[in-house]
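Any value given below was found using the heavy atoms of this structure, including those in side chains, with hydrogens, waters and symmetry copies removed. Note that this is a predicted model, so its numbers are computed, not measured.
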Amino acid sequence: MAKYVYHFGDGHAEGNAKMKDVLGGKGAGLAEMTNIGVPVPPGFTISTEVCTYYYAHNMTYPRELQTEVEQNLAKVEESVGRKFGDAQKPLLVSVRSGARASMPGMMDTILNLGLNDETVKGLAAHDERFALDSYRRFIQMYSDVVLEVDKEHFEHELFALRDKVGVKTDAEIPASALRELVETYKRIVREKHGSDFPQIVKEQLWGAIGAVFSSWNNQRAITYRKLNQIPSEWGTAVNVQSMVFGNMGDDCATGVAFTRNPSTGEKKFFGEYLANAQGEDVVAGIRTPLPISKAQVIGDEKSLEETMPDVYAQLVDVYKKLEGHYRDMQDIEFTIQSGKLYLLQTRTGKRTGFAAVKIACDMVDENLIDHKEAVSRVEAGQITQLLAPVFDAKEKSKATGGGRVLGRGLPAGPGAATGRIAFNAERAVQMAKDDPVILVRVETSPEDIAGMHSAAGILTTRGGLTSHAAVVARGMGRPCVVGAGMIRVDYARGELRSEGHEPLEEGDWLSLDGTTGEIISGNLATRPSEIVQVLLENSMKPEESEVYRNFDRLLKWADEIRTMGVRANGDTPNDARVARLFGAVGIGLCRTEHMFFAEERILRVREMILARNEEGRRKALAQILPYQKADFEGIFRELHGLPVTIRLLDPPLHEFLPHTEAQISSVARDMNWGFVELRNKVNQLHETNPMLGHRGCRLGITFPEIYEMQVRAIYEAACAVKNDGIDARPEVMIPLVGTVGELQLTSDMVRRVANEVLKEKHADVPVIVGTMIEIPRAALVADKLAETAEFFSFGTNDLTQMTFGYSRDDAGTFLPEYVDKKILPKDPFESIDQEGVGQLVKLGAERGRATNAKLKVGVCGEHGGDPDSIRFFRSCALDYVSCSPYRVPVARLAAAQAELEFKHYEG
Ligand code: ADP
Ligand code: MG
Ligand code: MG
């Protein structure tokens, strides 16, 4: 029989950390903590399978569920010595969502469930104020989540009451006033919902369970899943847990903490708490919470370490135990009830790329993890954060000196951001289409997620380092400053004010330093990251940059693990240099057409295309040759002997032609042609569908002199640098091959010209010729192509375009909707379509290697820098991927991670 409910409590749990699929992250964490002896209030977890069942069976539950829930509830009652619905000693529970992947704040949780007009009296026997405070919280949460009565109705009354009794915080509202408030709340429910607030506790429980399952499909959860690529099939678990109370007086509190700093990775326990408060108060950013440790204190704040030293000591013990057990940075939630500590959640803490790298390296040094583990810990894409620009120090000190610093908040997400102010998420999304945007809010809530995603940076005036804004921004890698209390945001007027400064409005420029917390008016120039300064600019020494040193260590560990090579795509000497310094083992795609566009060359290229005959073409080409040769020389010199795959001319010729009347007449003048004559020639060359027209090797076949010139330039350049003692390793690649004949004709020509040059120069450079596989037919006849080709490089951009029949340049109009409607799981131009296009890659590689076991096979499309695609290419046993130079670190890390996973599957 299926088991749907898993108990935890009293030092023993039916589940454990490995059961995230069934218990969700939260449930698995509660079970594991219970098992290792961390104090956790007892409860039980209803498995994710129930959620799947619920959606598959028209919102109903499996038959056995009710009995299982009741049995587990009875166990909890016994363990805490209270009864659910009992008038004297009522058991109260929280009903908490918890998916497999953490989705902070995206779904709903209800606290204090089990309160009604009778049980509240039982609770009040101990402390009336506390009982009523809990009841009003429960009515609000339950009504909002289950009965769909908007929480604003309740909050409005709460604020009015605070004003009426003349207090600032909820904790100061006296019992008598709360009693009234509860009555008002019940009246609101009656009016808005049309019936009384449910008094039967079992009904409350099942209502809440149903609501958690339904919240899996609320809008913000759906958006979050989409942004984070969490499959909607996973479902959520529901945790029902006995309540502990942080709102029972001044020796009570609730808080959240990270075992290390999630923003920088610094090894310091780090967190925030609120005295006499309950659960959500801290994360909601409603009151700015206080620091946990003395070390964190700014000004005259009172830390937990000072106000409750005993509990702080318990907390330190627990966090060390948890970090040691999980061997990773944990994000924990705790509550202190009458001086006793309880843990309510632990999970692997979300962190910035900076923190991820530092924590991984530190943990290796602390002997907590090995190199492999360190490499698998850092999300490959996150490493790009370390390469992102920071503010130029000079510019910044000018701004500071010029009085442009509007204030300082908490540095919640590192990095520099400059953009135009938007005061709400919707505007941020719109405005981001034109310029970078800084989203400025008092606080953010899960509804703002799309706006946060489109913003370059995020600023809030309230909330701490664990507020919603901070957590989400870090997850997205956005620079973020929170809790900037000196800044006032007036939504109604659309203004941001800071004393002594002109108010700023929507659209004004604002700059945020997410590393220091500074908020600066205006558009501030940035400078390259420390890594770029060390590696590329030599303006910083490795000893001066810990960020660089850790980055370098981690990537070297990755290099030890991976078997797949990483090359870069680049067309210029500078690209080649960046690629080499970022650790590429060569250039995987050097596009030669870019060399044709430069100002002084385009005229020669046009002359060549428009020439009346072969002789004219050859004359023009002879003038282009020195340029191409110089380009290749520059690249060879920068590569210091690394290989470079050079693709012969690929784009349709008309891309080089003049189009407007003005362009045509100026070119006609330059070339000494008549305007009409030239226009006719241009029209004659016009193609209806140039992407599928006269391009690629088709050009090389109809105008062999073009490819001949290019090959000559390549090998003359190689010989020239060889004279200077530099090893040049060109690999000539024929584009857009679909048939064996095309490849044979062009590669014979390449080899002939190359050998001619080498003979002329008495030099010895290996002549290597291969082909791009980007037409589906080429993948299918790969076995035959491999008789001629010495290497294959999958051009997955064109291969995707031609396999799907989607024009790369036009797919933007419908692809997003395809993804929304789940016709496609992802944009196939971003991440390889493993099911379809992937088959061609796999099959092409296999067939090619069947003919030529030594065939070298790589990928040079955009997919070469995408971690998921890289994983797939590893499974096809490709020799290398090639991506843009700045993606090389990502690809090195992703290739190592793919290797670890692959080895793991192989056993
Ligand atoms: P989220 O996933 O949004 O963090 P949680 O289920 O963790 O939601 O709960 C929200 C808040 O309520 C957290 O601060 C949590 O610590 C607190 N909380 C949840 N269950 C209990 C409980 N049984 N006793 C006390 N506080 C609780
Ligand atoms: Mg939580
Ligand atoms: Mg192509």
Side-chain angles (χ1 to χ4, degrees), residues 380 555 558-570 579-580 582-590 639 641-647 729-735 737 743 747 766-774 778-779 782-783 785-797 799 832 834 837-885 887-903 906:
L555 287 178
D559 293 345
E560 284 164 18
I561 295 166
R562 68 189 166 89
T563 54
M564 202 159 54
V566 175
R567 293 190 179 195
N569 299 344
R580 176 172 53 80
F582 275 141
V585 291
I587 297 274
L589 174 64
C590 172
L639 281 176
L642 296 174
V644 45
T645 304
I646 300 169
R647 179 178 72 184
R729 294 176 54 197
E731 300 169 345
V732 179
M733 179 158 74
I734 315 289
V737 164
L743 181 62
S747 63
V767 178
I768 299 173
V769 188
T771 180
M772 196 123 164
I773 306 278
E774 54 191 333
D783 48 345
L785 292 174
E787 287 169 9
T788 308
E790 285 160 279
F791 66 87
F792 283 175
S793 178
F794 285 93
T796 49
N797 299 344
L799 190 61
I832 190 95
Q834 301 185 11
V837 180
Q839 270 195 60
L840 288 171
V841 173
K842 195 157 188 279
L843 173 149
E846 280 166 7
R847 291 196 177 166
R849 283 184 175 141
T851 308
N852 175 2
K854 282 198 273 178
L855 187 78
K856 195 158 56 166
V857 186
V859 164
C860 62
E862 290 309 305
H863 302 98
D866 168 61
D868 285 339
S869 308
I870 290 174
R871 202 170 304 137
F872 174 75
F873 297 140
R874 172 63 189 84
S875 76
C876 301
L878 299 197
D879 297 301
Y880 70 87
V881 292
S882 188
C883 56
S884 73
R887 290 296 286 185
V888 167
V890 175
R892 285 164 72 192
L893 194 54
Q897 291 171 351
E899 193 64 34
L900 291 172
E901 274 174 45
F902 192 74
K903 292 263 159 67
E906 297 250 290

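- The OH atom of Y880 sits 4.5 Å away from the CZ atom of R567 when rounded to the nearest 0.5 Å.
- Evaluation of the side chain to side chain contact (heavy atoms under 4.5 Å, CB included) rule for N569 yields L589, R591, C860, S882 as partners, not counting sequence neighbours.
- If you take SG on C876 and CE on M564, they are separated by 9.5 Å, rounding to the nearest 0.5 Å.
- Closest of all the heavy-atom pairs between A789 and G770 is CB-CA, 4.1 Å.
- Qualifying side chain to side chain contact (heavy atoms under 4.5 Å, CB included) partners for E899, counting only residues two or more places apart in sequence or in other chains: I561, T563, R874, K903.
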Could you walk me through whether R892 and V888 pass side chain to side chain contact (heavy atoms under 4.5 Å, CB included), step by step? CA-CA 6 Å; R892 285 164 72 192; V888 167; 3.8 Å; yes
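- Remark: I832 CD1 to N797 CG distance equals 9.0 Å, nearest 0.5 Å.
- Atom-to-atom distance recorded for L878:CG and K842:NZ is 10.5 Å, nearest 0.5 angstrom.
- A donor-acceptor contact under 3.5 angstrom links the side chains of T645 and E731, judged on distance only.
- Under the side chain to side chain donor-acceptor pair (under 3.5 Å) criterion, D879 pairs with R849, sequence neighbours left out.
- Every side chain to side chain contact (heavy atoms under 4.5 Å, CB included) that E560 has, sequence neighbours left out, goes to H371, W557.
- When the salt bridge (charged side-chain N to carboxylate O under 4.0 Å, His left out) test is applied to R871, the partners found at least two apart in sequence or on another chain are D868, E901.
- Under the rule for a side chain to side chain contact (heavy atoms under 4.5 Å, CB included), the partners of Q897 that lie at least two apart in sequence or sit in another chain are V375, A380, L893.
- Here the side chain of E790 pairs a donor or acceptor atom with the backbone of V769 at under 3.5 angstrom.
- The nearest pair of heavy atoms linking A891 to C883 is CB-SG, 3.9 Å.
- In this view, F582 and Y886 satisfy the ring-ring contact (aromatic ring centres under 6.0 Å, His included) rule, not counting sequence neighbours.
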Walk me through it: do F873 and H863 pass the test side chain to side chain contact (heavy atoms under 4.5 Å, CB included)?
CA-CA 9 Å; F873 297 140; H863 302 98; 4.0 Å; yes
Q.
The test is side chain to side chain contact (heavy atoms under 4.5 Å, CB included); show your working for F792 and T771 and say whether it passes.
A. CA-CA 5 Å; F792 283 175; T771 180; 3.9 Å; yes
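- Here the closest non-hydrogen pair linking A779 and L840 is CB-O, 3.7 Å.
- In this view, R580 and E638 satisfy the salt bridge (charged side-chain N to carboxylate O under 4.0 Å, His left out) rule, not counting sequence neighbours.
- Residues passing the side chain to side chain donor-acceptor pair (under 3.5 Å) test with R562 are D559, sequence neighbours excluded.
- To the nearest 0.5 Å, atom CE of residue M733 and atom CD1 of residue I646 are 10.0 Å apart.
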TODO: For the pair I773 and L785, evaluate side chain to side chain contact (heavy atoms under 4.5 Å, CB included) and give the outcome as yes or no after the intermediate values.
DONE: CA-CA 10 Å; I773 306 278; L785 292 174; 3.9 Å; yes
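- For the pair R887/P867, a side-chain contact is recorded, criterion being any heavy-atom separation below 4.5 Å from C-beta on.
- Counting all heavy atoms, side chain and backbone alike, A786 lies closest to N852 at O-CB, 3.8 Å.
- The shortest heavy-atom contact between V585 and P643 is O-CD, 3.3 Å.
- Under the side chain to side chain donor-acceptor pair (under 3.5 Å) criterion, S869 pairs with D866, not counting sequence neighbours.
- Contact between A898 and I870 at its shortest, heavy atoms only, is CB-O, 4.4 Å.
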